[in-house]
Engineer: 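One structure, pasted below without further comment.
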Amino acid sequence: MERATVTEKPVISLLPGQIGKKIGMFIFYTVLIILAVFQILPLIWLLFFSLKNNQEVFNTPLFALPSPPRWENYVKVWVEGNIGRYFFNSVWITTLSVIFTVLLASFATFAITRMHWKLKHVVLGLFMVGLMIPVHSTLIPLFSFFMKMKLVDHPLSVILTNIGFNLPLTIMVLLGFYYSLPRELEESAIMDGCSVHRMFFQIILPMTSPVIVTTAIINMIYNWNEFVFVNTFISSDQYKTLTVGIQNFIGQYTTDWGAIGATLMISILPILLAFFFLSDRIVEGITAGAIKG
Amino acid sequence: MNNMMSDKKVIALYILPPLLLIVALIYIPIIMTGYYSLTQWDGIGQMKFIGLDNYKELIKDGMFWKSVYHSFLLAVFSVISLLGYLAVSLVLSGKVKGANLLRKIYLIPMLLSSVAIGQLWLRIYHPSNGMLNYFLSFLGIENPPNWLADPSIVLYAIFIPIIWQYAGFYILIYYAALKSIPPSIIEAAIIDGANPLQLAYKIKVPLISGVIKVTIVLAVVGSLKYFDLIYVMTDGGPNGASEVMASYMYHKAFRSFNFGYGSTVAFSLLFICMIVTWLIRKLTNSSEEVQY
């Protein structure tokens, strides 16, 4: 306590260097906060106009609170605009894609990091190079392949491509975690007469659950937002996901701002919720995926 | 022990399903794109092998080169914006209160779908009712240009939401890299009398040069293959003023049903991405890695 009072010398804060530092910090904070406002203001505006009718959108200030909030916009697009169907398509296609991506990526990472075989570095290389391939340079053959297989306008085409194109990133995030697992673990498991499959499913998979959660969240976001594959392979309303569904829906209702806003809000809400509860995991996953590349 | 973990059947069981998927969905299609690029084909009828004719046409195709130019312009913009992100991250990783919350806020746009972002920004640029012109009117600018209809502006108008979308991503990467610098190095530099600017420019930036290289490759290649917001917002228009390589390929293949020529554009896109990646790696490798 005494020492603290001794070191606190208010005079020093008046020295030019200290004032400069304070002004500097003030400028820094201002810039950082302006950037934060720039990043979220469009979304706040979106929330506001999703709760207004056209008359209010055109005649009241942009950031006037919607009063009363017109929740009927949401009900309307959910019921009339097919948004409910697109939403459920997104949910189940995303769910299946995430489960299989994470499972198959765990298979591959397990085989590459724990088993002994000659070509494993070549195979790992194939997965890593896959990260850099532009999706568009594979799109035409994929389309004609799915056409031959009668998978065009079938959700399986989207699920398969979702899995294939997210495997490399998922494996990359898993690798670091697998390398850090102690080898004694599987040695003792095998000593106890455990088979490889039991070891994988009962020991390795549970042990990697933190990183599995991380990769599952990242995959969920990427699959939920996937646009090009659905737009190219799926043509009937029955199988469209939210991204393509709302693109078409909005094309028809270009003048109803409230309906458009409500549609967009519904499409981003699951992501915003996931972000609200799991932001640390999302940050961790995106950082791990980017830097190791 | 080793026998079990090198059992070929077990290994095949684990590696083949994922391996076959990426070979079937990524590698075989690339080879097929290369082959299709030498044909004349509408996707349904008879395929006709025409050698390098598509490439000869491509070289003379003004619209293709325009789209290449636009893609490279986006790449230049993205790399310049990296400087801004680096500056922000340097500030953010200092002793800033709320840094963790701020970097999460910055990240939000990156998590949203391109369709949602594109549709939202179409409204932001809306001539009579958009957020941008609303704010501009406060600054006394009463006759703003029609952002997305003016061919000389539209491309830059789309660059803004692309940068908006990815800002948080790069800030996140730089922030994580800067935070992983051992504090002892920073302390030693401060004791030696380094001011904050020197500390940033001479100590921190060189220490994360490896990460900076990665982000340059990500930004350039990501820009060259960029498609989503262009397609959602303007579809390459007006009159090709915002066409990029990927959207040009998409139009040729899935609008004009010219699968052969579309493949030529797609293969050139892949080739350009590979060359540029290789060039950046080569150019940035001359400086030696900093060890700590």
Engineer: What part of A:Leu103 gets closer than 4.5 Å to chain B, counting heavy atoms only: side chain, backbone, both or neither?
Structural biologist: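 No part of A:Leu103 comes within 4.5 Å of chain B.
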Engineer: Please classify the contact of A:Ile133 with chain B as side chain, backbone, both or neither, using a heavy-atom distance under 4.5 Å.
Structural biologist: both
Engineer: Looking at chain A, which one of B:Leu107, B:Ile108, B:Leu120, B:Leu102 has the largest number of heavy-atom pairs inside 4.5 Å, strictly under?
Structural biologist: B:Leu120
Engineer: Relative to chain B, which segment of A:Met25 carries a heavy atom at a distance below 4.5 Å: side chain, backbone, both, or neither?
Structural biologist: side chain
Engineer: In Å and rounded to the nearest 0.5 Å, what is the CG to CG distance from B:Asn100 to A:Asp280?
Structural biologist: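 Nearest 0.5 Å value for the CG-CG distance: 6.5 Å.
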Engineer: Centroid separation under 6.0 Å, is that true for the rings of A:Phe227 and B:Phe227?
Structural biologist: no
Engineer: Using non-hydrogen atoms only, which part of A:Leu167 is less than 4.5 Å away from chain B: side chain, backbone, both, or neither?
Structural biologist: side chain
Engineer: After noting the C-alpha distance and the side-chain angles of B:Met249 and A:Ile140, does the key distance pass the side chain to side chain contact (heavy atoms under 4.5 Å, CB included) rule?
Structural biologist: CA-CA 10 Å; B:Met249 171 264 150; A:Ile140 295 172; 3.5 Å; yes
Engineer: With respect to chain B, which residue among A:Ser279, A:Gly261, A:Ser137, A:Gly164 yields the maximal number of heavy-atom pairs within a distance under 4.5 Å?
Structural biologist: A:Ser137
Engineer: Rounded to the nearest 0.5 Å, how far does CZ of B:Phe259 lie from CG of A:Leu139?
Structural biologist: 9.0 Å
Engineer: B:Arg123 and A:Ile250: side chain to side chain contact (heavy atoms under 4.5 Å, CB included), yes or no, with the steps?
Structural biologist: CA-CA 12 Å; B:Arg123 304 284 156 331; A:Ile250 289 174; 3.7 Å; yes
Engineer: For residues A:Trp117 and B:Ile15, determine if any side-chain heavy atom of one lies less than 4.5 Å from a side-chain heavy atom of the other.
Structural biologist: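 Heavy-atom side-chain distance check passes, below 4.5 Å.
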Engineer: Just so I understand: if I count every heavy-atom pair under 4.5 Å between each of A:Phe100, A:Phe145, A:Phe49, A:Phe165 and chain B, which residue has the most?
Structural biologist: A:Phe165
Engineer: Would you mind checking which part of A:Met147 comes under 4.5 Å of any heavy atom in chain B, side chain (CB onward), backbone (N, CA, C, O), both or neither?
Structural biologist: side chain
Engineer: Looking at A:Gln39 and B:Pro109, would you say the former's side chain and the latter's main chain have a donor-acceptor pair under 3.5 Å?
Structural biologist: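 Flag not set: sc A:Gln39 to bb B:Pro109 has no pair under 3.5 Å.
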Engineer: Answer yes if the side chains of B:Tyr27 and A:Thr138 hold a donor-acceptor pair under 3.5 Å, and no otherwise.
Structural biologist: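 Checked: B:Tyr27/A:Thr138 side chains show no N/O donor-acceptor pair below 3.5 Å.
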Engineer: Could you walk me through whether A:Gln247 and B:Gln119 satisfy the side chain to side chain contact (heavy atoms under 4.5 Å, CB included) test, starting with their C-alpha distance in whole Å, then the side-chain angles of each, then the deciding distance to 0.1 Å, before giving a yes or no?
Structural biologist: CA-CA 8 Å; A:Gln247 174 77 357; B:Gln119 289 295 346; 2.9 Å; yes
Engineer: Among the options B:Gly118, B:Cys273, B:Ala116, B:Gly98, pick out the one with the most heavy-atom pairs lying under 4.5 Å from chain A.
Structural biologist: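 Result: the option with the highest number of such pairs is B:Ala116.
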Engineer: Output the distance between atom CD1 (B:Ile11) and atom CZ (A:Arg114), rounded to the nearest 0.5 Å.
Structural biologist: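 Answer for the CD1-CZ pair, B:Ile11 versus A:Arg114, is 14.0 Å.
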Engineer: Checking side chain to side chain contact (heavy atoms under 4.5 Å, CB included) for the pair B:Val115/A:Asn225: CA distance, chi angles, key distance, verdict?
Structural biologist: CA-CA 8 Å; B:Val115 173; A:Asn225 292 339; over 6 Å; no
Engineer: Do the side-chain N and O atoms of B:Tyr14 and A:His197 include a donor-acceptor pair separated by under 3.5 angstrom?
Structural biologist: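 On atom types as modelled, these side chains qualify, holding a pair under 3.5 Å.
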Engineer: How many angstroms lie between CD1 in A:Ile163 and CG in B:Leu25, if you round to the nearest 0.5 Å?
Structural biologist: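 The CD1 atom of A:Ile163 sits 9.0 Å away from the CG atom of B:Leu25.
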Engineer: With chain B as the partner, which of A:Ala108, A:Ala274, A:Ser106 has the greatest number of non-hydrogen pairs under 4.5 Å?
Structural biologist: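 Highest number of heavy-atom pairs under 4.5 Å: A:Ala108.
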Engineer: Please determine, among A:Phe127, A:Tyr222, A:Phe28, the option with the most heavy-atom pairs under 4.5 Å with chain B.
Structural biologist: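 When all of A:Phe127, A:Tyr222, A:Phe28 are compared, A:Phe127 has the most.
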Engineer: Measuring from atom OG1 of A:Thr287 to atom OH of B:Tyr174, what distance do you get when rounded to the nearest 0.5 angstrom?
Structural biologist: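 The OH atom of B:Tyr174 is 13.5 Å from OG1 of A:Thr287, to the nearest 0.5 Å.
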Engineer: Relative to chain B, which segment of A:Leu242 carries a heavy atom at a distance below 4.5 Å: side chain, backbone, both, or neither?
Structural biologist: neither
Engineer: Can you tell me which portion of A:Leu32 sits under 4.5 Å from chain B's heavy atoms? Options are side chain, backbone, both or neither.
Structural biologist: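 Contact with chain B involves both backbone and side-chain atoms of A:Leu32.
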